[in-house]
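Predicted, not measured: the structure shown is a model, and the values here were computed from it. Residue numbers count from 1 along this sequence.
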Amino acid sequence: MTAPTHRRNPWLMLAVFFGLVGTIAVLGTLATMTAPNAYGRYLLPSWAPAPEAFGPVWIVLYVVLAFAGWTYWRTDGENQGFAAYGIGLLFHLMWASAFFAGGSAKIACVAIVLLDFTIVVAIGLFYRRSRVAALLLVPYLLWMLYTTALNVAILALNDVT
């Protein structure tokens, strides 16, 4: 008989979640290496943040995102919750790659809407096992909804692909 998930090595699993989210962060950062140029080439709405604001916000969100996954894992979380979490990370990477490296705000908009939906699904699935894990995803959802509105505004203000 195997031990319940929360009795296995939790610190190793915390490192795994930080490694997973960290990998997405690094890949996203590589995709956004041209971010100042990509972001700066668009007409932006008046409520758009300065490019310098993104780094600190993302660092906090990535840390919280890793803790959310780990907290859910500690409850012997269901596969559907982990699937939504993982798919969300992939949509996150797709959005960053399309918007910055790919230069396509339209494709990025599709990816970010799918990401928003996936985060909502993950919150619902996490909530069934852990309110804390679900609540940890809320700041990420709020930031992504703000980013979605920004992406849509950029589409409306610019003649983009």
Side-chain angles (χ1 to χ4, degrees), residues 2-33 35 38-39 45 47-101 105 107-154:
T2 60
T5 301
H6 66 278
R7 295 190 189 205
R8 296 183 206 150
N9 189 337
W11 305 116
L12 175 61
M13 287 307 297
L14 181 60
V16 167
F17 277 99
F18 269 97
L20 175 65
V21 173
T23 299
I24 296 299
V26 167
L27 292 173
T29 299
L30 291 174
T32 62
M33 292 302 274
Y39 191 65
W47 45 270
E52 306 83 47
F54 290 106
V57 170
W58 278 116
I59 289 170
V60 171
L61 289 174
Y62 285 136
V63 168
V64 172
L65 190 57
F67 273 113
W70 179 69
T71 302
Y72 182 68
W73 171 83
R74 292 200 32 106
T75 68
D76 292 321
E78 301 167 322
N79 289 339
Q80 298 93 336
F82 287 119
Y85 182 84
I87 291 167
L89 291 176
L90 292 176
F91 281 137
H92 177 92
L93 187 56
M94 286 174 54
W95 169 77
S97 297
F99 189 86
F100 295 108
I107 293 172
C109 195
V110 172
I112 202 169
V113 168
L114 292 171
L115 173 57
D116 295 340
F117 175 76
T118 306
I119 298 168
V120 170
V121 169
I123 288 171
L125 292 169
F126 278 29
Y127 189 82
R128 295 186 335 191
R129 293 279 188 162
S130 169
R131 290 181 180 165
V132 171
L135 289 173
L136 285 169
L137 290 177
V138 171
Y140 179 53
L141 174 63
L142 294 174
W143 182 255
M144 292 317 300
L145 290 172
Y146 172 73
T147 305
T148 302
L150 182 59
N151 199 148
V152 170
I154 287 171

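For the atom pair CZ of Phe17 and OG1 of Thr71, the computed distance is 9.0 Å after rounding to the nearest 0.5 Å. Between the CG atom of Leu61 and the CG atom of Leu136 there is a distance of 11.5 Å, given to the nearest 0.5 Å. In this structure, CG in Leu150 is found 10.5 Å from SG in Cys109, a value given to the nearest 0.5 Å. Distance OH/Tyr72 to CG/Leu125: 6.0 Å, rounded to 0.5 Å. Separating the CE atom in Met144 from the OG1 atom in Thr118 is a distance of 11.0 Å, to the nearest 0.5 Å. If you take CZ on Phe54 and OG1 on Thr29, they are separated by 13.0 Å, rounding to the nearest 0.5 Å.
Between Asn9 and Trp73, the closest heavy-atom pair is O-CH2, 4.1 Å. In terms of heavy-atom proximity, Gly28 sits nearest to Leu93 at N-CD1, 3.5 Å. Annotation for Ile119 and Leu137: closest pair CG2-O, 4.3 Å, computed over non-hydrogen atoms.
Under the 6.0 Å cut-off for aromatic ring centres, Phe18 and Tyr62 do not qualify, their centroids lying 6.0 Å or more apart. The aromatic ring centroids of Tyr146 and Trp47 lie less than 6.0 Å from each other.
The backbone N or O of Ala105 lies less than 3.5 Å from a partner atom in the side chain of Asn151, making a donor-acceptor pair. A distance-only check finds no donor-acceptor pair linking the side chain of Ser130 to the backbone of Phe126 [under 3.5 Å].
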Hey, can you pull the donor-acceptor pairs under 3.5 Å for the side chains in residues 77-90, sequence neighbours left out?
| from | atom 1 | to | atom 2 | distance (Å) |
| --- | --- | --- | --- | --- |
| Glu78 | OE1 | Arg128 | NH2 | 2.5 |
| Tyr85 | OH | Leu65 | O | 2.8 |

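Using the six-membered ring where Trp is involved, Trp95 and His92 have ring planes that are tilted, between 30° and 60° apart.
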- Item | side-chain contact (heavy atoms from CB on, under 4.5 Å) between Val60 and Tyr140, intermediate numbers included | CA-CA 9 Å; Val60 171; Tyr140 179 53; over 6 Å; no

